[in-house]
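This chain uses plain numbering: 1 for the first residue, then up along the sequence. Everything numeric here is computed off the predicted structure, so don't read it as measured data. Note: hydrogens, waters and symmetry copies are ignored here, and every other heavy atom, side chains too, is used.
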Amino acid sequence: MHLTREEERIYDGECGWANQVCIRILVKLGELFDARELIPISSAHVSGVSYKTLGDAPIEFLEALADSNGKAMVKTTLNPQSLDPEYLTKRLHGNVVKKQQTILRQFGRMGVTQSLTCTPYYLDKPKRDSHLAWAESSAVVYANSVLSACTNREGGPSALAAAIIGKTPDYGMHQTENRRPNFLVSVETKLRTETDFGALGICLGRILADKIPMIRGLSDTSESNMKQLCAALASTGMTNMYQLESHSTLIKKNELQRISIETRDIKQTIESLTTSSTSKPDLVFIGCPHCSLREIKQIARLVNGKKVRAETEFWVCASQHVKERAAEDVNKIERSGGHVLAGVCTIVSWTEMLGIKTIMTNSAKTAYYAPTLNKADTILAPLEECLNTAFGG
Ligand code: F3S
């Protein structure tokens with residue numbers, strides 16, 4: 001890989017240990033994928049923030065980077081942590097809280113913004129064609145597909161290394177020729193809810209592996225539905241982007257491999273993501289990926305004046321940034337007995353410690369991961385059904 005003189009100096013350790021380790025991570029990655037050079041990025045987004053998913057081992061590495069003056073050179077945001085600063089902090093035991101705070105402190109010392117969200121694009125929308133190093137798979141697919149920015153699916157360490165160097169290896173999604181669709185997906189059924197869009201993503205991720213689909217036949221491409229599709233697609237496969245046929249540039253469609261998705265595929269996927277038949281889940285959870293302002297407003301309108309029923313918790317997750325801007329709607333949800341939790345999500349939190357055994361959600365991604373990561377049974381259903389359950393109809 002070609003390095004500039006300045007990059008060589010960093011590589012040789014002339015700019016400190018943290019910079020040296022980081023550039024070495026990037027060069028190794030670049031060599032693996034035959035990148036010719038490093039290119040500047042406009043932002044990084046780092047995953048591996050929750051103490052629950054990170055564990056103890058990487059904390060020392062983060063401390064060492066911060067001690068050696070590792071500093072983010074570009075705007076850098078963080079994925080959700082394992083608790084929010086209010087509700088869950090009070091309910092979880094001290095050791096977990098302390099460890100989580102230690103992790104956040106190290107990122108803070110490195111100049112990373114404590115955004116704690118998987119929807120960093122609500123804080124600052126990347127420009128079209130800008131190069132990023134993002135490490136949250138749902139946000140990666142969203143950035144490439146909806147925002148037309150360019151990012152590979154980074155891991156936590158490579159995103160942090162890219163943040164500290166301000167560059168990433170030039171391969172994969174950064175190169176125009178790798179962003180062309182190589183699969184045509186005809187959706188032969190009307191997708192009615194966000195849950196249907198999530199189910200489409202789960203279904204396609206399993207079939208496509210890392211192929212890029214051109215999708216035909218989506219009638220409602222609202223932001224919320226696209227967000228669910230992105231998150232689910234990234235859960236079951238390595239696809240990093242899709243294109244809608246209506247937005248596609250000239251492409252020889254007859255050369256693409258083809259599949260159709262029918263009503264029964266969506267129905268079967270939703271059924272497979274529902275593992276419980278109870279009508280009284282312990283938790284009803286909305287906000288995977290984190291809610292937008294518009295989604296919080298919609299929830300507040302639907303729950304206004306109602307009360308969460310006994311023995312069910314109702315959580316809505318969003319970034320602190322969105323929560324602050326939705327204060328009036330947050331109050332309505334909290335007056336109804338729900339909790340709007342900032343900077344956390346169910347999957348990366350300690351729901352088992354809270355005795356939560358069944359989770360109902362409108363997110364296909366959560367329904368896919370919760371049985372393994374939360375040891376919980378799941379019910380996947382659209383928002384209004386989730387609300388009817390939480391509020392007793
Ligand atoms: Fe975000 Fe957690 Fe879902 S990080 S995409 S809310 S699993």
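In terms of the salt bridge (Lys or Arg N to Asp or Glu O under 4.0 Å) criterion, E385 has no residue partners (sequence neighbours excluded). By the side-chain contact (heavy atoms from CB on, under 4.5 Å) test, C288 is found to be paired with F285, S363, K365, T366, residues two or more places apart in sequence or in another chain being considered. By the salt bridge (Lys or Arg N to Asp or Glu O under 4.0 Å) test, R216 is found to be paired with E245, residues two or more places apart in sequence or in another chain being considered. A search for salt bridge (Lys or Arg N to Asp or Glu O under 4.0 Å) contacts involving R335 returns nothing, not counting sequence neighbours.
Exactly one residue among R301, R294, K297 makes a salt bridge (Lys or Arg N to Asp or Glu O under 4.0 Å) with D329. That residue is K297.
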Side-chain donor-acceptor pairs of residues 56-66 under 3.5 Å, sequence neighbours excluded:
| unit_1 | atom_1 | unit_2 | atom_2 | d |
| --- | --- | --- | --- | --- |
| D56 | OD1 | Y51 | OH | 3.0 |
| D56 | OD1 | K99 | NZ | 3.0 |
| D56 | OD2 | Y51 | OH | 3.3 |

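At least one donor-acceptor pair under 3.5 Å links the side chain of S47 to the backbone N or O of A135. With hydrogens and angles ignored, the 3.5 Å screen pairs no side-chain donor or acceptor of T312 with any backbone N or O of V308. With E7 contributing its side chain and T4 its backbone, the two residues share a donor-acceptor pair below 3.5 Å. Put simply, the side chain of T378 never gets that close to the backbone of I359: no donor and acceptor are under 3.5 Å apart.
Around the CE atom of M73, the shell of radius 6.0 Å holds no more than 12 heavy atoms that belong to other residues, nucleotides or ligands.
In this structure, D265 CG and E188 CD are separated by 10.5 Å, a value rounded to the nearest 0.5 Å.
Between Y142 and Y121, the angle of the ring planes stays under 30°, which puts this pair in the parallel group of the 30/60° scheme.
We find that D170 and R36 are not joined by a salt bridge, their nearest charged nitrogen and carboxylate oxygen being 4.0 Å or further apart. R9 and E6 are joined by a salt bridge, as a carboxylate oxygen and a charged side-chain nitrogen come within less than 4.0 angstrom of each other. The pair K190-D220 does not count as a salt bridge, with every side-chain nitrogen at least 4.0 angstrom from each carboxylate oxygen.
Membership of the apolar cluster around M173 extends to I212, M241, as traced through chained side-chain contacts below 4.5 Å between ILVMFWY residues.
Cation-pi check for R309 over F391 is not met; the charged atom does not lie both under 6.0 angstrom from the ring centroid and within 45 degrees of its normal.
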